[in-house]
Structure formats: structure tokens, C-alpha cells
Amino acid sequence: MSLIKELTWRGMIHDSMPGVEEHLNEAMRAGYVGVDPTADSLHIGHLVSIMMLKHMQVAGHKPIALVGGATGMIGDPSGKSNERNLLDEETLRKNQEGIKNQLKRFLDFDSNEPNVAELVNNYDWMKSFSFLDFIRDVGKHITVNYMMAKDSVKKRLSSESADGMSFTEFTYQLVQGFDFLQLYRDKNCTIQMGGSDQWGNITTGTEMIRRIDQGKAFAVTCPLITKADGSKFGKTESGNVWLDPEKTSPYKFYQFWLNTSDEDAAKYIKIFTLLDQKTIETLIKEHQEEPHLRKLQKTLAEELTVMVHSKEDLDNAIIASEVLFKKGEEALAGLKAMNERLILDVFEGVPQAEVSKSEISNGLSIIEALVDKGGFLKSNGEARRELKQNAISVNKQKVGEEKELNTDDLISDKFILLQKGKKNYYLLNVVD
RNA sequence: GGGGAGAUACCAAAGCGGCCAACUGGGGCAGACUGUAAAUCUGCUGUCUUCGACUUCGUAGGUUCGAAUCCUGCUCUCCCCA
């Protein structure tokens, strides 16, 4: 199946220039997407771009990831808001390294195949480009009229925008356009891909290639990822979902995908996994018949966790999920199977408190543990109330007011897991 | 500057001498149901040594056997007229 057809059934094409398909069928082509090096890790908002590159490589074409060191310093006006922070070069290099390491999980950067992936940084060719040279060699060929016609610019010039747009931002499309020209010349790169908000910037590039080098290049954009409920994709209460396990634990990563709504899951599974059309269609059908099994979400979460992290991380995430969301014996068994590191990982961010081992071995009343020792609940009255309402669990087992903690309740010889209701966890850390 | 209204728990809003720890709605928390969803239903939502006691209704006093409720000073908010 051709690349364009592949991307089309996956719902990953928002717009494309006529003739791309033939162009791609003729020979091996090189295509690129830009990535902002604003952090030393990618987050799941970048995944669509990565998947587009991945599909390129799978289809036998050459993917190029362009780290926007230079463009990241300017800020894209088609984004919403304000001017962007300027990054210094040291941070830039560090971020670039982090990003490359993550891209390696998806793309082949090391083989001897002709379509091996490459990583470039536009800072490398922009940094020594003098202003004078730039306006003469690049600026000369693009009219301001052309630049002003872009939606991204128009929007910023209109009265809705309070801040106006700086000249720096205005030139953004020239810089991004020049990247394309540079890659066209240097690596015979003829395709640029990106989110649909990038269409204007990309076409400035194809325009430059046409006017300056009389070349032919193409733009392909994918729809911006949305969520059925209208909230922003890729964010949780605690912020971005990162690919870096230090920033977002594999468990949380797994959970993020598992919690996808039915509607979104069908869409996402096409975009974010490499499963073939038949498999996905079967899954969607099964899901419609038995939605409560949530096969789509499970498959989505599993595929992505393995792809971004590892099989082992997935297994741990599943164990952890069982502990947190199953009841009774099953959960207890899972809890016992968790090692110290996994426990700390899963319960990262839940309130913790320390108690001495002697207090536990002497027997500690549940009320005292919740209020005086743990400080998890405000008052004894509240603790009593919750206990009466059957809301308190110790190690996933519901307990009553008469419960006393003792050494039998220790997990990994170190923890006691207290819980109010389904979602509120408290970890008692037992120290000598 | 003159006149009027008001200040109640997380928010909104009842109560106007004892039956008020304070109606009701929202929010929050929990329980049931469920798909770690949505909806729905139920309970809880001042503190404590919890079948009882204690401290709360802007703030400080006063009247009274008894005050969120009546009186006085103070602080703040809103409205109307200049």
C-alpha cells in the first residue's frame, strides 16, 4: 500500500498537495517534520509527527526529523499566544540529544539502508547566516503580500489579538521555509509534513523552492488531534504526558491511553499504532459489540507502552493497574507482587507519612494512623465517619473502626497502603 | 455629604427569642450500580474522649432563665440621592 493510501485510511491526512502520491510512487523520497526542542523529552503531542515519519520509513522513504533550534528561538505565530522563550545553545544541544534518543525507539537511525533516518538541526545552518545575506538571498524572493495572506499572520494582525505580532514572529515563515529549501538542496528532501496548523508555513517553503530553485516540493498535513469532549489532547491534571519515563512513569503513560474515551480510541488506534487495517477494523467491531471490555483502549495502551517503553514496563503497569482498580484478593495478590521501586513509582505523588516500626508492632489503631500519624484526614470525626461508611481500606481490604494495624499488614516489609474510597491513596512508610 | 439595605458553614441562600450545629440548592467526599465511562440512586459534609459534650451565624459588648434571631458600638459590603 502506498504511503498516502496508508495515511489516508488511518485518518492522518488533513490536506496534501496534488501530485504527492505519484511523486512518492516514482522513487524513494525524503520527507521531514519539525520538532520544537523546548524540552529534553518529547511528549505525546509529538507522536503524530513521529508516526508520520515512521510510516515514511516503513514505506521505504527517508524520514528526516528536523529539530527546530533556530525556529524554536523565534516562535511560531500560528500558535496561539505570545512570544516564545528564547533558548540558549547549551540547552538546545541537550534537548536535541534527549529527543534523538527517544526518536531512536521509533526510527532506524543506524542501518546502512538508503532510507535511514536522519536528525538535523536548523540552528546549524541558520546560526552563521547573516541578516544581510538572509534578506538578500531569501527575503528577496517572497513578497510581503504573500506572507500577509497567511491565516496565521492575518489572525495576529486582526483586532482580536491584543498583543500584535513582532517582526521576529513575522519572519518565522521565512525561516521555516528556508529550512525546507535547505533540506531540498542538501538532502533532496521534497516533502514536509506537519499538523494542519503548519500548512501556511510549509507552503511558504514549497513556494521558495519553486521560485528560487525552480524545484517541486510538497506539503502534507495531518489533522490536529482532538478529544471528543473538547479538552486538550495530551494533557492530564498533572500536565503533559511525556515519553521520558522519568517525567511520566510508564504506569501513568499506560493509564493515560487506557482512559481514552470510546470515540477517541477508535481514532487514536489508527494514528498511534502500527496495527494493520484488518486488525484494527476487527478490534473496532469487537469493541462496538462489547464496549465494556474496552478492547480498543487496552490494545492502544499496550501497543504504545511497549513501543515507547518496554514489554517489562507494560507488565508492571498492568500489575499496578490491577492493584489500583481491582478489588479484594486479586488486588492484594498484585500488591504483594510489587517490588519497592514499582510501589514508589505507582504511588508517586500520593501523600506519604512515616511511622516507626515499633508503633506498628505494638498495634496502631486505624483512626490514629489516618489522623495523628498520617495526617491524611482532618479530624477523628471524619475518620470515624468514613469508617462507618465503609470507605476506608487497608491494603485494598475494607476495614472497620476496630481495625488495628500490625506487622502482618506490611507490604514489602516497608509499606502499608491506606485508602479512602476508590481514588484517594495514602502510603504509610514504615521506618526502623 | 445625605438616605437605605445587608454581613449565616466551601459557594449560594433560608432562619428573625427556645423544637438551630442551623431548611434548601450547588460543590466536595463516600456507598450502590458500572467499563478505571456517563447517567442514576443513597448517605455524609463544625470539633471532640460521638447514643453525650463543646465551640460556631462579621466583630466587641449588652438585655434575657435562654440569642444566628432583640439592643448598642465598631469594621466591611451593596444600593439610591447629591
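Sequence lines set the chain letters: A, B, ... in the order given, protein chains first and strands last, and positions in each chain run from 1.
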| field | Inter-nucleotide P distance (C51(B), G15(B)), Å rounded | value | 34 Å
| task | Using side-chain contact (heavy atoms from CB on, under 4.5 Å) as the criterion, point out the one residue from Leu417(A), Leu410(A), Leu405(A) that pairs with Leu428(A). | result | Leu405(A)
| For the side chain of Gln255(A) and the base of U36(B), is some donor closer than 3.5 Å to an acceptor across the two? | yes
| said: Counting only side-chain heavy atoms from C-beta out, which of U47(B), U36(B), C29(B) sits nearest to Tyr254(A)? | reply: U36(B)
| query | Once the angle between the rings of Phe272(A) and Tyr268(A) is folded into 0 to 90°, is it parallel (under 30°), tilted (30 to 60°) or perpendicular (over 60°)? | reply | perpendicular
| Taking atom C1' of G31(B) as reference, at what distance in whole Å does atom CD of Glu386(A) sit? | 10 Å
| task | Grab the NZ-P distance between Lys326(A) and G35(B) for me, whole Å please. | result | 12 Å
| request: Rounded off to whole Å, could you give me the CG-to-C1' distance for the Asn424(A) and G28(B) pair? | output: 11 Å
| said: When the P atoms of A9(B) and C57(B) are compared, how many Å lie between them, rounded to an integer? | reply: 10 Å
| query | Only one of Lys94(A), Lys100(A), Arg93(A) clears salt bridge (Lys or Arg N to Asp or Glu O under 4.0 Å) with Asp40(A); which? | reply | Lys94(A)
For nucleotides 53-55 of chain B, list the nitrogen or oxygen atoms of the protein found under 3.5 Å from its nitrogen or oxygen atoms, one pair per line.
none

| Distance, C1' atom - from G58(B) to U77(B), rounded to whole angstrom | 11 Å
| Separation between the P atoms of A21(B) and C16(B), rounded to whole Å | 15 Å
| query | Across the strands shown, which category fits Gly421(A) at heavy-atom distances under 4.0 angstrom: base, sugar-phosphate, nothing? | reply | sugar-phosphate
| field | Spacing of the C1' atoms in A53(B) and C41(B) (rounded, Å) | value | 35 Å
| Side-chain heavy-atom pair Leu24(A), Phe218(A) within 4.5 angstrom cut-off | no
| In whole Å, what separates the C1' atom of U64(B) from that of C71(B)? | 11 Å
| query | Are side-chain N/O atoms of Asn201(A) and Gln173(A) paired as donor and acceptor at under 3.5 Å? | reply | no
| said: To the nearest 0.5 Å, what is the distance between NZ on Lys396(A) and NZ on Lys336(A)? | reply: 14.0 Å
| With sequence neighbours excluded, residues passing ring pair (Phe, Tyr, Trp, His ring centres under 6.0 Å) with Phe106(A) | none
| Between Ser379(A) and C48(B), does any side-chain N or O lie under 4.0 Å from OP1 or OP2? | yes
| request: Indicate, with a heavy-atom threshold strictly under 4.0 Å, whether Asp262(A) touches base, sugar-phosphate, or nothing. | output: base
| field | Dot-bracket summary - RNA chain B, pairs being Watson-Crick or G-U whose distances fall under 3.5 Å, with | when paired to another strand | value | ((((((((.[[[..)..(.....]]]((((((.......))))))(((...)))...[[[[[..)....]]]]]))))))).
| request: Figure out the CD/P separation between Glu290(A) and U34(B), and round it to whole Å. | output: 16 Å
| message | Which is more 5' along RNA chain B, the nucleotide nearest Leu258(A) or the one nearest Arg384(A)? Just name the residue. | response | Leu258(A)
| message | Distance check needed: C29(B) P versus Gln419(A) CD, whole Å only. | response | 15 Å
| request: Determine whether the aromatic ring centres of Tyr426(A) and Phe347(A) lie less than 6.0 Å apart. | output: no
| task | Choose from U50(B), G35(B), C29(B) the nucleotide whose nearest atom is closest to any side-chain atom of Gln297(A). | result | G35(B)
| task | Take the protein atom NE2 of His287(A) and the nucleotide atom P of A37(B), then report the distance between them rounded to whole Å. | result | 14 Å
| Base, sugar-phosphate alone, or nothing: which one does Lys398(A) contact when heavy atoms must sit under 4.0 Å apart? | sugar-phosphate
| Presence of Asn390(A) side-chain N/O under 4.0 Å of A32(B) phosphate oxygens OP1/OP2 | no
| message | If we count only N and O atoms by modelled type, under 3.5 Å, do the side chains of Ser356(A) and Asp432(A) hold a donor and an acceptor together? | response | no
| task | Determine: side-chain N/O of Ser261(A) to OP1/OP2 of A37(B), distance under 4.0 Å, yes or no. | result | no
| Leu418(A) side chain reached by Ile392(A) side chain, heavy atoms, under 4.5 Å | no
| field | Residue mapping more 5' on RNA chain B - nearest nucleotide basis, Asn380(A) or Arg385(A) | value | Arg385(A)
| query | Would you find a donor on one side and an acceptor on the other, under 3.5 Å apart, between the side chain of Asn115(A) and the backbone of Gln57(A)? | reply | yes
| Looking at Asn429(A), Leu335(A), Asn395(A), which hits side-chain contact (heavy atoms from CB on, under 4.5 Å) with Phe415(A)? | Asn429(A)
| request: Starting from P on A37(B), measure out to NZ on Lys422(A) and report it in whole angstrom. | output: 7 Å
| said: For G31(B), does the base pair up with any side-chain atom of Gln389(A) as donor and acceptor (N or O, under 3.5 Å, distance only)? | reply: no
| Which whole number of Å gives the distance between the P atom of G1(B) and that of A12(B)? | 30 Å
| How far, in whole Å, is A7(B) from G52(B) if one measures between their C1' atoms? | 33 Å
| query | What's the CG-P distance between Asn259(A) and U34(B), to the nearest Å? | reply | 19 Å
